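Model, not experiment: these values are computed from the prediction.
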Amino acid sequence: MKPETAAKKLGILLDAAPDELRSGTVTRDQLDAWNAEPPEWLEELRANGPHPRQVVAGKLGVSTSGLARAGVTEPLTTAEIKGLLVAPPEWLVAERAVQAEVRAEQVRVKQRDAERAAKRAAESR
């Protein structure tokens, strides 16, 4: 697979990865081996970053769209993420609230759909 794909599957930023990953292709066996027994460079990247947008968004509890709205375009390190969580800026508080509303709506819709399905099942008996 391409290095970009492998980096995404490993949850790391390709630009921060060593040449071992960036040059050439990565086999599925290599990827599986790295996941089973991560080399030191992989453990370091996963622990300290810099992290890709999806990982940053997850650690902050916001969406990648929320990061974009806030103007966060650069990868962040774990220390930078922790700093934002300790003293959250206004945009982070707002985006976390938006994310909480989205999750609540997803739960509501799932419950509504389950109730409708149960009602249909009861009516068809």
Side-chain angles (χ1 to χ4, degrees):
M1 68 187 74
K2 294 180 182 176
E4 295 87 5
T5 305
K8 187 173 184 180
K9 288 181 181 280
L10 292 170
I12 61 170
L13 190 65
L14 180 61
D15 292 343
D19 288 336
E20 180 180 356
L21 176 64
R22 287 189 284 163
S23 61
T25 59
V26 177
T27 65
R28 291 202 182 273
D29 290 337
Q30 245 181 329
L31 187 70
D32 291 343
W34 285 340
N35 272 321
E37 292 184 36
E40 188 176 325
W41 60 265
L42 182 54
E43 287 179 344
E44 176 69 21
L45 283 175
R46 285 179 171 168
N48 300 317
H51 302 288
R53 292 178 60 81
Q54 300 89 337
V55 174
V56 171
K59 287 179 181 269
L60 291 175
V62 299
S63 65
T64 55
S65 298
L67 289 177
R69 283 190 293 273
V72 178
T73 58
E74 297 298 315
L76 299 178
T77 64
T78 300
E80 291 169 326
I81 292 169
K82 285 181 181 176
L84 289 172
L85 292 172
V86 168
E90 208 173 293
W91 68 264
L92 181 55
V93 173
E95 289 299 333
R96 290 181 97 179
V98 167
Q99 192 69 8
E101 289 174 16
V102 167
R103 288 186 183 124
E105 179 64 9
Q106 288 172 336
V107 168
R108 186 193 68 76
V109 168
K110 187 174 182 178
Q111 288 173 339
R112 182 202 65 194
D113 292 347
E115 289 169 3
R116 286 180 180 174
K119 185 177 178 182
R120 273 188 250 125
E123 289 174 354
S124 66
R125 288 184 189 168

Provide the closest heavy-atom pair for [X] versus [Y] in the form atom of the first, atom of the second, distance.
X     : Y     : answer
Gly11 : Val55 : O-CG2, 3.8 Å
Ser63 : Ala57 : C-CB, 3.8 Å
Trp34 : Leu42 : O-CD2, 3.6 Å
Lys59 : Ile81 : CD-CD1, 3.7 Å
Lys9  : Leu31 : CD-CD2, 3.6 Å
Arg53 : Val72 : NH1-O, 2.9 Å

Residues, nucleotides or ligands: over 12 heavy atoms within 6.0 Å of [X] [atom1]:
X      : atom1 : value
Arg112 : CZ    : yes
Glu105 : CD    : yes
Glu40  : CD    : no

Cluster question for you: counting only ILVMFWY and a side-chain heavy-atom cut-off of under 4.5 Å, with indirect links fine, are Leu13 and Leu10 together?
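No: no chain of side-chain contacts under 4.5 Å links Leu13 to Leu10.
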If you measure from [atom1] on [X] to [atom2] on [Y], what distance do you get to the nearest 0.5 Å?
X     : Y     : atom1 : atom2 : result
Asp15 : Glu4  : CG    : CD    : 9.5 Å
Thr78 : His51 : OG1   : NE2   : 2.5 Å
Trp41 : Ile12 : CH2   : CD1   : 4.5 Å

Between Arg120 and Glu123 (salt bridge meaning N to carboxylate O under 4.0 Å), is one present in this structure?
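Salt bridge between Arg120 and Glu123, a charged N being under 4.0 Å from a carboxylate O: no.
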Does the Arg22 side chain pair with the main chain of Pro3, one donor and one acceptor, at a distance under 3.5 Å?
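Looks like no, no N/O pair under 3.5 Å.
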